[in-house]
Amino acid sequence: MNDALLISGAKIAGSVVLLALVLRGVSRLAKFAKLDPEIGRKLVHISLGLYCLTFPYVFSAAWEVFATCALAAGVFLLARGAMRQSLGGGLHSVKRTSYGEILFAVSVALLFWLKDGHFVSVSMHHKAQIGPVLYMLPILILTLCDAASAVVGSRYGKRVFVIEEGAKSVEGVVVFAVTAWLLSLIVLLLLTDIGRSEVVLLAFIAAAFGALLEAASWRGLDNLFIPLGLYFLLANLLYLGVVGLAEIAGVFLGVLLLLLYMTRHRPGAERHFLAIGSTLFFCIAIFAEPSSLVTPVVAVATYFAADKVRKLERPPFDALNLLLVVLAVALFYFALSNLLRMDTIFGFNLSFAALAAGISARFAQQLWRCACHRRGVGGDVCTDVLGRGPESSGIDLHAGGPWRHHPGCDCWLDAEASRFLPAVDDAGSAEHDVRIGQPAFVAPGMSAPEVMSVAGASLAIFRDAPSLDGSQTAALGAFACDTARAGATLIREAMASLKAEGFGAVVGPMDGSTWAKHRLVVESDGRSPFLMEPQNPAHYVQAFDQSGLQIVSRYVSAVRPADVPESGSRSPPGLQLRDFDPARAESELTRIHALSLEAFATNKFYQSISLEDFLASYRPVLKAIAPELVLLAEDEAGALKAFLFAFPNLAEGPQPKSVILKTYASQVKGGGSMLANAFHARAQRLGFVDVIHALMHEGNLSATHSGNTGGRVFRRYALWGGRL
């Protein structure tokens with residue numbers, strides 16, 4: 001082994017060790033100083049980003065950086081899984097799904113390879129830009145501006161806009177743009193020889209372009225979009241001069257603002273698609289000439305034309321996924337053309353023609369399957385985000401206690417799980433299908449709802465719903481629709497009617513209160529539904545998105561192995577644990593009711609429930625409770641201070657491998673952690689493999705505790721609302 005290889009290996013190993021030390025240090029600091037999760041994540045982001053700025057001076061070959069980044073990605077994966085507690089505390093305490101750290105490693109490797117002037121459109125100008133600016137400025141903006149935007153937006157953001165994954169703030173985007181402009185001015189003046197007028201204009205374009213990418217990115221994709229987008233921008237515009245820069249910037253910003261203005265009353269998902277799509281096509285145009293946009297645009301137009309003609313519902317993120325495919329194909333041919341030193345435009349166009357043909361075939365196949373189903377030929381109904389038909393029936397979880405069964409339906413529960421059904425059907429007024437004119441389920445203590453319907457959609461209006469921001473609020477529940485368009489139309493009609501009555505706000509879908517059925521599944525990794533989990537077709541989500549309402553509350557379900565070690569939290573002194581006693585069920589439930597009213601009083605959209613209604617909800621299902629999975633914590637005087645409610649996931653069959661932790665509450669600091677530790681140890685002892693942390697509000701401590709103890713989010717849910 002020669003000396004050069006040894007030196008390269010030492011540099012690679014040292015960089016990876018430094019990464020692990022940073023992750024470990026920030027994780028410990030976050031726990032010790034009780035840092036905000038976003039602050040901890042951005043500390044890691046800034047530390048690693050600043051170190052990556054030294055790569056052009058530390059490494060001499062691209063393969064060294066590729067090896068370093070590949071090993072770094074492995075460390076990041078360990079921080080997500082087996083070493084989450086020791087390495088992942090600074091990265092994975094945020095309550096959102098992000099692949100940013102993996103994409104950050106990918107971006108650094110690509111930028112190091114690209115920094116010498118690859119992917120420069122020499123047909124637009126004839127001076128190739130080779131220098132550190134093509135690497136330094138994208139990394140600096142990604143490192144510092146993204147961190148500033150996230151911290152300011154999470155703390156001070158008031159003007160919020162919705163993207164596909166969640167929400168971002170105008171304040172955060174403005175901070176990104178201002179810091180990016182200042183950094184661009186400094187770096188361009190120091191590292192390039194272009195004139196000051198060009199520097200000012202190019203800095204403005206880079207800042208606006210980067211802020212647009214940040215605002216429209218989701219799931220950490222800004223760590224890929226921002227550096228690569230800024231690379232293409234700088235590599236192709238650096239030497240165009242003031243007039244050329246002004247022309248390109250004017251056309252791009254003018255078209256984007258026009259599109260956003262024309263769709264200002266359309267759902268946020270459409271505006272999100274336009275922002276990302278316009279940016280992507282702009283990058284393709286400045287690299288490969290505007291004529292290269294023809295076939296990608298045809299592929300995207302085919303997608304929307306087929307959707308319009310076939311009138312089929314699309315799953316969430318479908319349009320954005322299409323743009324990711326366009327990006328992947330474009331990058332592949334750009335890389336191929338550079339490596340082979342040949343024109344690949346024929347393959348580029350052929351691939352997008354094939355993509356358009358595949359899109360047409362996909363929609364035609366879905367149309368055929370739906371037509372066959374309607375004629376009784378066989379096959380499934382068009383699949384939703386969970387991979388099942390839109391009318392999947394079964395048991396739904398109705399918030400903290402009662403659940404209802406659709407009588408007469410074919411449930412997906414097996415024979416063992418069916419022991420729940422008699423208890424459920426005995427519970428009183430069961431939930432019926434409002435589409436056939438039957439009354440909707442009325443939650444305990446709620447007045448009878450008003451049923452509204454249009455062709456292909458129906459809902460029920462509950463007029464004594466929990467308040468949204470202090471306004472008189474109605475809930476839109478018992479929702480069903482055949483198409484997103486019909487559902488959105490009905491929701492808007494209901495909103496107009498309620499506004500005329502003097503209501504100030506609506507929430508939905510919610511059957512009156514959070515004690516009844518509410519929220520929709522908005523995202524899933526494909527894991528099978530668990531017992532009493534809400535289910536819905538994807539077009540229900542699209543209906544609420546298109547109605548003009550915004551998501552006002554988000555929830556998640558997570559799964560973790562039962563054999564993960566305890567959290568390490570100290571148990572509060574003086575508390576004794578015991579099982580639920582079915583022989584004294586009513587007395588036990590009375591005490592749980594009192595503690596629930598106090599523990600959940602500050603929860604969003606919480607409404608109290610009378611003891612009579614609470615007992616009436618639980619009496620019919622007492623026979624289904626497994627006492628060893630309902631834990632009570634009492635003080636020395638026998639007063640109930642905490643409780644935990646769980647049950648086996650009988651949706652898996654007579655010998656389920658998972659158990660569902662539904663609710664726990666505590667009046668004593670540390671009581672919840674004590675219960676959770678005891679429950680997980682008991683679940684492992686009883687032979688359960690996985691523990692499902694069910695239906696947690698993203699803002700609750702339970703969601704944070706779940707993530708800190710190895711919980712992996714596999715399903716997301718949402719509740720919509722808005723002022724009238």
- Note on the structure: In short, F281 meets V326 closest at the heavy-atom pair CE2-CG1, 4.2 Å

Considering only distance and modelled atom types, tabulate donor-acceptor pairs under 3.5 Å from the side chains of residues 138-146, sequence neighbours left out.
| unit_1 | atom_1 | unit_2 | atom_2 | d |
| --- | --- | --- | --- | --- |
| T143 | OG1 | I139 | O | 2.7 |
| D146 | OD2 | K42 | NZ | 3.0 |

- Scan residues 68-78 for pairs that pass side chain to side chain donor-acceptor pair (under 3.5 Å), counting only residues two or more places apart or in two chains. none

- Task: Please lay out, stage by stage, how L230 and L137 fare under the test side-chain contact (heavy atoms from CB on, under 4.5 Å).
- Result: CA-CA 8 Å; L230 288 173; L137 186 53; 5.9 Å; no

- Message: If I compare all heavy atoms of R527 with all of R715, which pair ends up nearest, and what's the gap?
- Response: O-NH1, 2.8 Å

- Measure across S292 and I345 and return the closest heavy-atom pair with its distance rounded to 0.1 Å. OG-CD1, 3.7 Å

- Can you list the steps and then say if D222 with L213 is a side-chain contact (heavy atoms from CB on, under 4.5 Å)? CA-CA 7 Å; D222 51 343; L213 289 169; over 6 Å; no

- Are more than 12 heavy atoms from other residues, nucleotides or ligands located less than 6.0 Å from atom CZ of F714? yes

- Residues at least two apart in sequence or cross-chain that pass ring-ring contact (aromatic ring centres under 6.0 Å, His included) with F332, listed by chain then number, are none

- Query: Quick one: salt bridge (charged side-chain N to carboxylate O under 4.0 Å, His left out) partners of E64, sequence neighbours excluded?
  - Reply: K11

- Query: Which pairs pass salt bridge (Lys or Arg N to Asp or Glu O under 4.0 Å) with one or both residues in residues 226-247, sequence neighbours excluded?
  - Reply: none

- Query: Can you list the residues that meet the ring-ring contact (aromatic ring centres under 6.0 Å, His included) rule with Y717, with sequence neighbours excluded?
  - Reply: none

- Task: Quick one: do F352 and V298 satisfy side-chain contact (heavy atoms from CB on, under 4.5 Å)? Show the steps, please.
- Result: CA-CA 8 Å; F352 281 110; V298 167; over 6 Å; no

- When every non-hydrogen atom of F55 is compared with those of F112, the smallest separation belongs to O-CE1, 3.6 Å

- Kindly give the heavy-atom pair with the smallest separation between S149 and E214, and that separation in Å. OG-OE2, 3.8 Å

- Item | Donor + acceptor pair across side chains of N349, T295 (<3.5 Å) | yes

- Query: Given F59 and T54, is the side-chain contact (heavy atoms from CB on, under 4.5 Å) satisfied, shown in steps?
  - Reply: CA-CA 8 Å; F59 297 106; T54 67; over 6 Å; no

- Message: Looking at every non-hydrogen atom in both residues, tell me the closest pair between Y333 and G347 and how far apart they are.
- Response: OH-O, 3.1 Å

